[in-house]
Participant: 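One structure is given below, represented as structure tokens, and several questions about it will come after.
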Amino acid sequence: MTCEHRGELSMAEKYKYDLSKAQLKASSRTSALLAGFAMVALVELQYDAKTPHWLLIILGVVTALLVSVHLLALMMSTCILPYMEASGPSQDSPHVRLKFYIDLSWFFSTCVGLILFLIEIGIIFYVKFQAVGFEEAGYVTTAILGMVNGLKQLLNSSEQNLAMMKIV
């Protein structure tokens, strides 16, 4: 398929433009939601005096990483998306030049950020159940989250394979 005008995109290029735009929007929404949740969870979680300090340190480190990763993804998507929308789908669109940052934002938000989120939820479960002396429930809920994470990784890799087949 040939382009009639210099700035016009082919169907495949238009698909890549739309995909990049959708990735940035999803990354922005997901990152804002999960970073906010992590901060609220850290502030509102009631800790028992007998909660092991190493567990609180792990919770603090995971929360800091989670918020940092999501804020970085949010910053990248917030900066790139208006620039893309202003230029529109053309040969000069920044989605080509900034593809690395678009993919990095997507990776931080959907892969690293969601894994850290699941780890944080597991730690919160453990802290809450440990406070009432029922550590076995903390182990079980964390194991369930581990299985969900494995399923998420499987589905994510299948989704990426399908997306690659559509492009080719």
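Worth knowing before you read on, the calculation uses all heavy atoms, side chains too, and leaves out hydrogens, waters and symmetry mates.
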Participant: Can you pull out every salt bridge (charged side-chain N to carboxylate O under 4.0 Å, His left out) where at least one residue sits in residues 57-83? Sequence neighbours excluded, please.
Facilitator: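 Non-adjacent pairs meeting salt bridge (charged side-chain N to carboxylate O under 4.0 Å, His left out): zero.
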
Participant: Looking at side-chain heavy atoms only, is the closest gap between Leu45 and Lys128 below 4.5 Å?
Facilitator: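 The answer is yes, as the side chains (C-beta and beyond) meet within the 4.5 Å cut-off.
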
Participant: Would you mind listing every ring pair (Phe, Tyr, Trp, His ring centres under 6.0 Å) that reaches into residues 17-69, with sequence neighbours excluded?
Facilitator: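 For residues 17-69, and leaving out neighbouring residues, the ring pair (Phe, Tyr, Trp, His ring centres under 6.0 Å) pairs sorted by first residue read Tyr17-His95, Phe37-Phe117.
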
Participant: Any link between Leu34 and Val40 through a network of hydrophobic side chains (Ile, Leu, Val, Met, Phe, Trp, Tyr) touching at under 4.5 Å?
Facilitator: no

Participant: Taking only residues two or more places apart in sequence or in another chain, which ones pass side-chain contact (heavy atoms from CB on, under 4.5 Å) with Ala143?
Facilitator: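 With neighbours one apart ignored, the set is empty.
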
Participant: Membership question, hydrophobic clusters at under 4.5 Å side-chain separation (ILVMFWY): are Ile58 and Val67 in the same one?
Facilitator: no

Participant: Excluding sequence neighbours, so at least two apart, what forms side-chain contact (heavy atoms from CB on, under 4.5 Å) with Thr78?
Facilitator: Ser28, Leu74

Participant: Verify the neighbour count for atom OH of Tyr101: are there more than 12 heavy atoms of other residues, nucleotides or ligands below 6.0 Å?
Facilitator: no

Participant: side-chain hydrogen bond (donor to acceptor under 3.5 Å, both in side chains) with Ser77: which residues, sequence neighbours excluded?
Facilitator: none

Participant: Say whether Leu116 and Met39 are linked into one hydrophobic cluster, either directly or through other cluster members, by side-chain heavy-atom distances under 4.5 angstrom.
Facilitator: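 In one cluster with Leu116: Met39, no.
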
Participant: Which residues satisfy the side-chain contact (heavy atoms from CB on, under 4.5 Å) test with Leu55, sequence neighbours excluded?
Facilitator: Thr51, Pro52, Ile123, Tyr126, Val127

Participant: Phe125 versus Val140: any side-chain heavy-atom pair under 4.5 Å?
Facilitator: no

Participant: Compare every heavy atom of Leu114 with every heavy atom of His70, then report the nearest pair and how far apart it is.
Facilitator: NE2-N, 4.3 Å

Participant: To the nearest 0.5 Å, what is the distance between CG on Leu56 and OG1 on Thr63?
Facilitator: 10.5 Å

Participant: Between Glu13 (side chain) and Ser10 (backbone), is there a donor-acceptor pair under 3.5 Å?
Facilitator: yes

Participant: I need the full list of salt bridge (charged side-chain N to carboxylate O under 4.0 Å, His left out) pairs touching residues 97-123, with sequence neighbours left out, sorted by first then second residue.
Facilitator: Lys99-Asp103

Participant: Using side-chain heavy atoms (C-beta onward) and a distance below 4.5 Å, is Leu104 in contact with Phe108?
Facilitator: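 Leu104 vs Phe108: side chains touch.
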
Participant: Keeping to residues at least two apart or across chains, list the salt bridge (charged side-chain N to carboxylate O under 4.0 Å, His left out) pairs with something in residues 59-80.
Facilitator: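 Checked against salt bridge (charged side-chain N to carboxylate O under 4.0 Å, His left out) - neighbours excluded - no pair reaches residues 59-80.
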
Participant: Would a 4.5 Å heavy-atom cut-off, applied to side chains only, mark Thr110 and Thr30 as touching?
Facilitator: no

Participant: Tell me whether Leu71 is reachable from Ile102 by hopping between hydrophobic residues (I, L, V, M, F, W, Y) whose side-chain heavy atoms are closer than 4.5 Å.
Facilitator: no

Participant: Flag yes if more than 12 heavy atoms outside Gln46 fall under 6.0 Å of its CD atom; otherwise flag no.
Facilitator: no

Participant: Suppose clustering is done on Ile, Leu, Val, Met, Phe, Trp and Tyr with side-chain heavy atoms closer than 4.5 Å. Which residues sit in the same group as Val43?
Facilitator: none

Participant: Hydrophobic cluster membership, with links at side-chain heavy-atom distances under 4.5 Å among I/L/V/M/F/W/Y: are Leu72 and Tyr83 in one?
Facilitator: yes

Participant: Tell me every residue that passes side-chain contact (heavy atoms from CB on, under 4.5 Å) with Val61, counting only those two or more places apart in sequence or in another chain.
Facilitator: Ile57, Leu65

Participant: Using a 3.5 Å cut-off and no angle test, enumerate the donor-acceptor pairs between side-chain atoms of residues 19-27 and protein atoms at least two apart in sequence or in another chain.
Facilitator:
from	atom 1	to	atom 2	distance (Å)
Ser20	OG	Lys16	O	3.0
Ser27	OG	Ser105	O	3.3
Ser27	OG	Ser105	OG	2.8

